[in-house]
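One structure is given below, encoded as structure tokens.
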Amino acid sequence: MKLINKSHVAKKMPVRLAVNTICKGLFFLATLIGLIVLAILFYRIFTQGIGHLNGDFLQNFASRKPEEAGIKAALIGSIWLMAVVAPVSLMLGVGTAIYLEEYARKNWITTFIKVNISNLAGVPSIVFGLLGLTVFVRALALDRSVLAAGLTMSLLVLPVIIVASQEAIRAVPRDLREASFGMGATKWQTIRKVVLPAAIPGILTGGILALSRAIGETAPLVVVGIPLFIAFLPQTVLDTFTVLPMQIYNWTSRPQEEFQQVAAAGIIVLLILLIFMNSIAVLIRNKFQKRY
Amino acid sequence: MNMTLTREKESPAIATGAVQPAASPEKVYETSYLNLWYGENHALKNINLDMHQNEVTAIIGPSGCGKSTYIKTLNRMIELVPDVKTTGQIKYRNRNILDQSYKVEDLRTQVGMVFQKPNPFPKSIYDNVVYGPRTHGIKNKKILDQIVEKSLKGAAIWNEVKDRLHENAYGLSGGQQQRLCIARCLAIEPDVILMDEPTSALDPISTLKIEELVQELKKDFSIIIVTHNMQQAARISDRTAFFLNGEVIEYADTNTIFSNPTDKRTEDYITGRFG
Amino acid sequence: MNMTLTREKESPAIATGAVQPAASPEKVYETSYLNLWYGENHALKNINLDMHQNEVTAIIGPSGCGKSTYIKTLNRMIELVPDVKTTGQIKYRNRNILDQSYKVEDLRTQVGMVFQKPNPFPKSIYDNVVYGPRTHGIKNKKILDQIVEKSLKGAAIWNEVKDRLHENAYGLSGGQQQRLCIARCLAIEPDVILMDEPTSALDPISTLKIEELVQELKKDFSIIIVTHNMQQAARISDRTAFFLNGEVIEYADTNTIFSNPTDKRTEDYITGRFG
Amino acid sequence: AGCGSDDAKTSGSEAKGSSQLQGEVITDGSSTVFPIMEAVAEEYMSAQPDVKVSVGSSGTGGGFKKFIAGETDLSNASRPVKEEESAMLDDKGIKYTELKLAFDGISIVVNKDNDFIDSLTVEELQKLWVDNGKVKMWSDIRPDWPKEEIKFYSPGTDSGTYDYFNEVILEEKPMVENATLSEDDNVLVQGVEGDKNAIGFFGFAYYAENKDKLKIISIDNGKGAVEPTHETIKSGEYAPLSRPLYTYVANKSVAEKEQVADYTQFVIENAGELSEEVGYISLPEEEYQKDLDKLKELKK
Amino acid sequence: MILEKKSKKKVDVEKIIPKLLFLMAAISVFTTIGIILTLIFETFIFFDRVSIVEFFTASKWLPFASVPSFGIMPLIVGTLKITLIAAVVAVPVGLATAIFLSEYASEKTRRIIKPILEVLAGIPTIVYGFFALTFVTPVLRELFPSLDMFNALSPGIVVGIMIMPMVASLSEDALVSVPKSIREGAYALGATKLETTIKVVLPAAISGIVASIVLGLSRAIGETMIVSVAGGSTPSMNMDVTSSIQTMTAYIVQVSSGDAGYGTTIYYSIYAVGMTLFVFTLVMNLLAQFISRRFREEY
Ligand SMILES: Nc1ncnc2c1ncn2[C@@H]1O[C@H](COP(=O)(O)OP(=O)(O)OP(=O)(O)O)[C@@H](O)[C@H]1O
Ligand SMILES: Nc1ncnc2c1ncn2[C@@H]1O[C@H](COP(=O)(O)OP(=O)(O)OP(=O)(O)O)[C@@H](O)[C@H]1O
Ligand SMILES: [Mg+2]
Ligand SMILES: [Mg+2]
Ligand SMILES: O=P([O-])([O-])[O-]
């Protein structure tokens, strides 16, 4: 007894195949959308800003005169900010991830920490700004320093790093750990010598994505109140500074037309920095990616 | 069902050639009344087994019978699985290793392990071998070099890799990787080596090489090997334990097990009636 | 090496009881000069094999010899692996399936497959079974219900699950899951069923059940089964092909292969000299 | 206004001779005043490279918050200090001095294609912008104007410009509800430029830079229609829509920190020219003189 | 050759490390506590001056009027509009991209496209803001002439574009981690790629996909600059997407960079709005976790 009418099935086949092909096309189009937007964005910004982009632009401080305006303070400031955010957020993020993946027992505290982290990932950046202002700038009297802003930003991007690192640590094959334990290595030795090295590509990818977010954020820094114009560079993490996105935002709000082009040039610098960081991530990912 | 087995029951399926061990040498492991549960699942039931120095002990049995579970208990690797409970005793050189005061790191420094799938670290061949010694605090470069050479020679892979010690271990073939894992294990100069189906992921040639190696190694070490390949057990072991559903059905000289099993189920298994 | 095989070469290790197939029935698959490469790795070499209707064809051989690769080529599942290249021909019912104009979806509607590890969908038992028919456009609830009952009965699991059809399939034991996967495969009423070591992850009891089932199924279907268990091949198959290093060393009636192999390597393998 | 910088430099170094100062000067506050302060700081630091001047842009309110907390030396403002704020300053014992820097003229603009409006009276402006609960047509203001719905564009409610407009035109009555608000005056320019029935207001500089895209409206406050120009704003003729911009300096900082005193003097001496350069209108000379006198008092 | 070299230090490290790591993990909890503490005092002062009932029921948000009204609904409505439009853009496009990359594209294509999309996720939001105002809005106004210069539609779409890579990248991870064996099961039954993806792979990955969408939408809710620049700043209650709006975050930025006097009710209102926003995202996250636990198909 046959319950399935084979000719019926055969008749439907071409339609199913066609639907599959059409959807494949749609999925591809959707993927293109992102790429097209990126292309348009880049095209517009480059055509507007490329004229202003020269050595002077990188070496000058901000100025009221568009032709003399430069991005030095903001660029160096952003790099200083990253120099605080990167180690702090990576250390805390990876530490937390190791704790959650390797040490934490299944109890309510662990569950609470996990829920808490995924919730923090969704807290608006501006709320972190309010936190930074109250805790770092005021309570800890760090003033509007690189350190205060860096710590604020670190907390902001921490969840991203934690989640990425957790994934990376979880993906390290069990048998590598077993091999290490099997030779009498302790837990921490195993983590330090086997798990972390194997998880590094994933951790760094997450880290760089987090830093890309930190480098482009404006709102929390506005709230923290870091200054916009300075014509000197920070010497220590306790000095004040300014960053690229704030400088760019300020230029865009100037009445003079030329400042719009200066802003575009600033955006190009920011994008180059961003792409530079992303390509490091991709390089690391591709270089260290081991097939287990 | 159109299947009949023509062979008579009396003639054992596979005659074995393992040499009978001379008298009973010193005991390395003594397991008594070992029970183990995975949560609710009673995976090992009242295991009683003794293993001897400079012998190869094979553990055979169908899939899921508890072979891996048992061998992982011998170096307490089983603790990595959450929710495992054990009762009973396993004495290694006269000390009960299931006693929590027994440091696992100590135990595992004495008892090396080789796994089913070769699992080298994604590091250079050299770094793989010195991983254990370094972990145990040996820093001296010259000593480390000596350890590497000795271990790789011991694992019969020195000639193949001596010119590429600093290349990544992932560039080796499966069989080479497995021998590297054995070398890595030899590097900590263990007393006992546990092997869980060390050849099941390998091609015939590599398998043969490893089998020969095991025969070599037993001069210096005691070896416990899990295999689902009865022929392999017959070829290389001195004693064989047959596990079924978490119980030891029969444990005897390999010769005896394969030529004259006492239990009907052992016979059924080795004659290929199931498994 | 202290290993000697006492048995004489002439007596085959395992006598087989598979009934000799009556004459040669219609051919389902005809493979000629099939070569397959994974990138640079030449995994199948000049394979020539015919498979017949209402028979069980077993494919045996040591690990890595290309068994899985070959069976996956029969329903073009191999295409999911990137960088695979094939030459030669596989005719299914007289049409070359390696021809790109042959739609894989059509082929796979005719040729079902059961995998090594049971792989039910994370859905209810019912949804697992009707997945195929629904995909093929059958919407009628009554017909679907009938299909579910018939397939589950066909896979000898109906009684165990008939009261919990809407529970998640992951609640079943390994053996039950594997029979569910067979039921899922039966539900599309295929012509041929491919099985890649369908019992290697199962316990002895479940294995026996599935072996009995295969014997039942061959009345209605043609079955091609990969196994690393020679006894299993001997018990259930009509013809056996012995693969080694990507080549077919010997292909003949199961009886002949096990009692009177022509090739030395076949004999070595089935007498357990390697693998 | 291109030659301002050279003069600024000379006056800076003249004011303090050749003595080199160092230390920090921290200023924050209004984003409207920011461009002036930025220009001053830029010039000052080329004369005194060892003094570190930082200029923030946290808004007038945000600036006062920091000023009250004692975190800044100068606080820029686009409105006079509020009662709450001065009360808190008193509480903290912070004495301060108000200095005027420049004028900002608020310009009323419509779309380039609007051919029926040239000038509005203050009353008409109020009638336009104050909410009456109904949709407003041009014809509601003057019957001969078209019967089309008006689109309103205004700076954000928390800006000094809105605040001033609210005070002098709306007289604290609520603004039309469907007005489109934006924080960024450039964005308003785009809005009015793209919308045929638009009317909007924003800082004079934004009109001055976009003259060819917008149409300016003259305002009649009873003495005839006046178009906002550089001159009419400076002379006070363009009334009531021009407002002064301020900076507040902490007396203690001037007395105790030499660099702050020096910087403040530099601010007053150069505010006129530099504010012109960035698009504002300088005050009459007497005003700056008054500020300088106040400063002299403080330094004693 | 191997000496027993068990120093005391080794034992100590094993005990100290977990404690140290726990402290690091606790920082995330302290952050949350810090946020709540930061917000709560000023929020209390605010509710001392404005009744909490008015805050949640009044239909107007006019903090600067001479008779101010603090009804947060218009800000919530504005936030929801943006989030909804962003979701309509980001979820289908992001999911389709994820499916294309994980199921259809070759390994090489994936390796190229994924990082490019990640660049899209890292572009500063101001850049997007001006992209919305100077490109998307004019294009949309060509299509719908009735669209205002500032509207919810344009920034909503651009926020959607901004979060799309996040949805795509994380969903793709979820899809890829569905075991191959499950896919093979479907293919072997003659299912097409599409049928396999929709009926087997997507349901199996649903919890990861929901998580990615929630993360994306949380960012949409928290997004500030794009809306400030291209959405205007007019709090309004209506459901119209063609006119100017204000969101909760945009209000906080407006006030914290604006003119409001320190100590005024307006000043404290940003904390009340911040608190609302915090609770808002908290509820949404908890809801999402509940949903993804409900629908998770264990494999
Ligand atoms: N981590 C685990 N959690 C729960 N049950 C487990 C776990 N590991 C194994 N088991 C169960 O314990 C029993 C013994 O498993 P074990 O892995 O020891 O079998 P085995 O003899 O090694 O089989 P194989 O030949 O397949 O490796 C099986 O029933 C298995 O399902
Ligand atoms: N995806 C792949 N890419 C590259 N090489 C592969 C791939 N899959 C299998 N091979 C190689 O092809 C050869 C045949 O593999 P195959 O899986 O067919 O063996 P098998 O006979 O099924 O072995 P087993 O009994 O272990 O399943 C092996 O050498 C294997 O390493
Ligand atoms: Mg096992
Ligand atoms: Mg296989
Ligand atoms: O920043 P303002 O206070 O001048 O609007």
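Order of the sequence lines sets the chain letters (A, B, ...), proteins ahead of strands, with each chain counted from 1.
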Trace of the side-chain contact (heavy atoms from CB on, under 4.5 Å) decision for E/T192 with A/T21: CA-CA 10 Å; E/T192 62; A/T21 313; over 6 Å; no
Portion of E/L286 that has a non-hydrogen atom of chain A nearer than 4.5 angstrom: side chain
Distance (rounded to the nearest 0.5 Å) between E/I17 CD1 and A/I98 CD1: 8.5 Å
Shortest non-hydrogen contact between E/N285 and A/S118, atoms and distance: OD1-O, 3.6 Å
Closest approach of E/E14 to A/Q189 (non-hydrogen atoms, all atoms of both residues): OE2-N, 3.9 Å
Chain E interface, residue from A/I45, A/L244, A/N20 that has the most non-hydrogen pairs under 4.5 Å: A/N20
Greatest number of heavy atom pairs closer than 4.5 Å to chain A - which of E/T197, E/V29, E/T224: E/V29
Side chain proximity check, A/R44 to E/T134, heavy atoms < 4.5 angstrom: yes
Region of E/E103 that comes under 4.5 Å of a non-hydrogen atom in chain A: neither
Euclidean distance, E/M248 CE relative to A/I126 CD1, rounded to 0.5 Å: 12.0 Å
A/V9 versus chain E, the contacting section by heavy-atom distance below 4.5 Å: neither
Contact class of A/I267 relative to chain E, heavy atoms under 4.5 angstrom: side chain
Contact origin within E/L170 toward chain A - heavy atom pairs under 4.5 Å: neither
Contact origin within E/I116 toward chain A - heavy atom pairs under 4.5 Å: both
Contacting region of E/V229 [heavy-atom separation from chain A under 4.5 Å]: side chain
Separation between CZ of A/R213 and CZ of E/R219, rounded to the nearest 0.5 Å: 4.0 Å
Region of E/L282 in contact with chain A, defined by heavy-atom distances below 4.5 Å: both
Validation row: A/P124, E/T281 side chains within 4.5 angstrom (heavy atoms): yes
Heavy-atom pair of closest approach, residues E/L215 and A/A121: CD1-CB, 3.5 Å
Side chain proximity check, A/V127 to E/T38, heavy atoms < 4.5 angstrom: no
Close side-chain approach of A/L41 and E/F135, heavy atoms under 4.5 Å: no
Heavy-atom proximity to chain A below 4.5 Å, by part of E/I35: both
Neighbour count above 12 (heavy atom, 6.0 Å) for A/Y103 OH: yes
Pairs of heavy atoms under 4.5 Å with chain E: top-ranked of A/I33, A/V223, A/V115: A/V115
Distance in Å, E/F41 CZ paired with A/T134 OG1, rounded so as to fall on 0.5 Å steps: 10.5 Å
Interface residue of largest heavy-atom contact number with chain E, from A/A263, A/A30, A/S212, under 4.5 Å: A/A30
Selection from E/S218, E/A98, E/S228 maximising heavy-atom pairs under 4.5 Å formed with chain A: E/S218
Validation row: A/K24, E/K193 side chains within 4.5 angstrom (heavy atoms): no
Per-residue contact mode, E/I123 against chain A (heavy atom under 4.5 angstrom): both
Check: E/L194 and A/F27 side chains under 4.5 Å, non-hydrogen atoms: yes
Atom group of A/N278 that falls short of 4.5 Å from chain E, counting heavy atoms: side chain
Whether A/N116 side chain and E/S28 backbone form a donor-acceptor pair below 3.5 Å: yes
Closest-packed option against chain A by number of heavy-atom pairs under 4.5 Å, given E/L217, E/T32, E/T125, E/L95: E/T32
Side chain, backbone, both or neither of E/I221 within contact of chain A (heavy atoms, under 4.5 Å): neither
Partner chain A: residue of E/E42, E/M164, E/M225, E/K114 with the largest heavy-atom pair count (under 4.5 Å): E/M225
Under 4.5 Å from a heavy atom of chain E, the part of A/E167 involved: neither
Sub-4.5 Å side-chain heavy-atom contact between A/N119 and E/F278: yes
Check against side-chain contact (heavy atoms from CB on, under 4.5 Å), A/L131 and E/T31: CA-CA 8 Å; A/L131 173 76; E/T31 307; 3.9 Å; yes
Atom pair CD1 (A/I248) and CZ (E/F130), whose distance is rounded to the nearest 0.5 Å: 10.5 Å
Rounded distance (nearest 0.5 Å) linking atom CD1 of E/I126 with atom OG1 of A/T218: 3.5 Å
A/L38 side chain near E/L117 side chain, heavy-atom distance below 4.5 Å: no
